[in-house]
Amino acid sequence: MRKLTPDVVVLKASRGADRTVSVSVVDARMVGMPLSDYFLAADDQAAVTVLQVLGGPSRADLDVVLLENFDPVAAIPQLEAIMTGCSFEEASDHSRSGQMLSDPQGEGAFVVSLRDTLTAALASASQDDLLRFAEPWSRTDELEQLGMSVEVTAEILEVLAGLARRAQASSERLYCWWAP
């Protein structure tokens with residue numbers, strides 16, 4: 001990821017391909033904020049191996065979307081609820097939603113799983129769908145606290161949808177590497 005200006009961040013949308021996303025008030029890679037990199041892996045065991053790589057999935061030659069402070073336990077289930085019409089509780093209470101796959105006692109980075117339902121919803125969403133979902137997602141507490149506009153949220157959804165499409169095409173799953 002390259003920081004171009006105080007308001008622009010490059011998200012690595014796939015191996016070797018960068019995508020520029022403008023960010024509103026808060027830079028998506030501000031110092032001191034947790035990193036939340038969303039990536040593909042074949043299974044839970046393969047996902048956890050990114051913890052052995054200094055810098056996480058972006059340094060492990062994985063297909064990854066670099067974000068910051070996009071909580072896989074709060075913001076992502078809210079997105080799933082918006083996209084699928086289920087409740088936040090249903091999206092967040094499922095065993096794979098934010099399931100910690102690595103040692104919860106560790107003070108460093110950890111890996112959590114994301115639901116296949118979210119992957120399917122993102123992968124099947126049209127451009128119009130993503131624009132429609134961006135507005136309510138940008139109004140959630142988590143994204144409002146980050147200062148995310150509807151336009152930036154739509155760009156992030158587009159990049160996440162691309163990741164989900166690649167996950168389905170390669171029979172992989174979505175995960176989040178969270179590093180405080």
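Annotation: the span from Leu79 atom CG to Thr84 atom OG1 amounts to 9.0 Å, rounded to 0.5 Å. Atom CG of Leu174 sits about 9.5 Å away from atom CZ of Arg166, to the nearest 0.5 Å. Once rounded to the nearest 0.5 Å, the distance linking SG of Cys86 with CG of Leu118 reads 9.5 Å. From Ile76, atom CD1 reaches atom CZ of Arg115 across 13.0 Å, with rounding to the nearest 0.5 Å. In this structure, the separation between CG on Leu160 and CZ on Arg165 is 10.5 Å, given to the nearest 0.5 Å. Taking CD of Glu155 as the reference point, atom OG of Ser149 lies at 9.0 Å (rounded to 0.5 Å).
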* Test side chain to side chain contact (heavy atoms under 4.5 Å, CB included) on Val50 and Tyr175 and set out the steps. => CA-CA 11 Å; Val50 303; Tyr175 296 89; over 6 Å; no

* To do: Just do the side chain to side chain contact (heavy atoms under 4.5 Å, CB included) check on Gln78 and Leu143 with the steps written out, would you?
  => CA-CA 10 Å; Gln78 287 176 342; Leu143 271 63; 5.7 Å; no

* To do: Using the side chain to side chain contact (heavy atoms under 4.5 Å, CB included) rule, take Val112 and Trp178 through it: C-alpha gap first, then chi angles, then the decisive distance, then the call.
  => CA-CA 8 Å; Val112 298; Trp178 184 268; 6.0 Å; no

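The hydrophobic clustering, which links ILVMFWY residues whose side-chain heavy atoms are closer than 4.5 Å, places Leu131 and Leu157 apart. A continuous path of ILVMFWY side-chain contacts below 4.5 Å connects Trp177 to Val48, so both sit in one hydrophobic cluster.
By the 6.0 Å contact criterion, CD on Glu144 is enclosed, its count of non-hydrogen atoms from other residues, nucleotides or ligands being greater than 12.
Under the 4.5 Å side-chain criterion, counting only non-hydrogen atoms from C-beta, Arg59 is not in contact with Leu54. Counting heavy atoms from C-beta on, the side chains of Glu172 and Asp63 never come closer than 4.5 Å. The shortest side-chain heavy-atom distance between Gln127 and Glu158 falls under the 4.5 Å cut-off.
Although no hydrogens or angles enter the test, the distance criterion places a donor-acceptor pair under 3.5 Å between the side chain of Trp137 and the main chain of Ala75.
Side-chain atoms of Asp116 and Thr119 include no donor-acceptor pair closer than 3.5 Å.
With respect to Phe39, the side chain to side chain contact (heavy atoms under 4.5 Å, CB included) criterion is satisfied by exactly one of Val111, Leu163, Val65: Val111.
Across all non-hydrogen atoms, the minimal contact from Ala42 to Ala46 is N-CB, 4.2 Å. The two residues Ser138 and Val150 come nearest to each other via the heavy atoms OG-CG2, 3.3 Å. Taking each heavy atom of Ala164 and Leu122 in turn, the nearest pair found is CB-CB, 3.5 Å.
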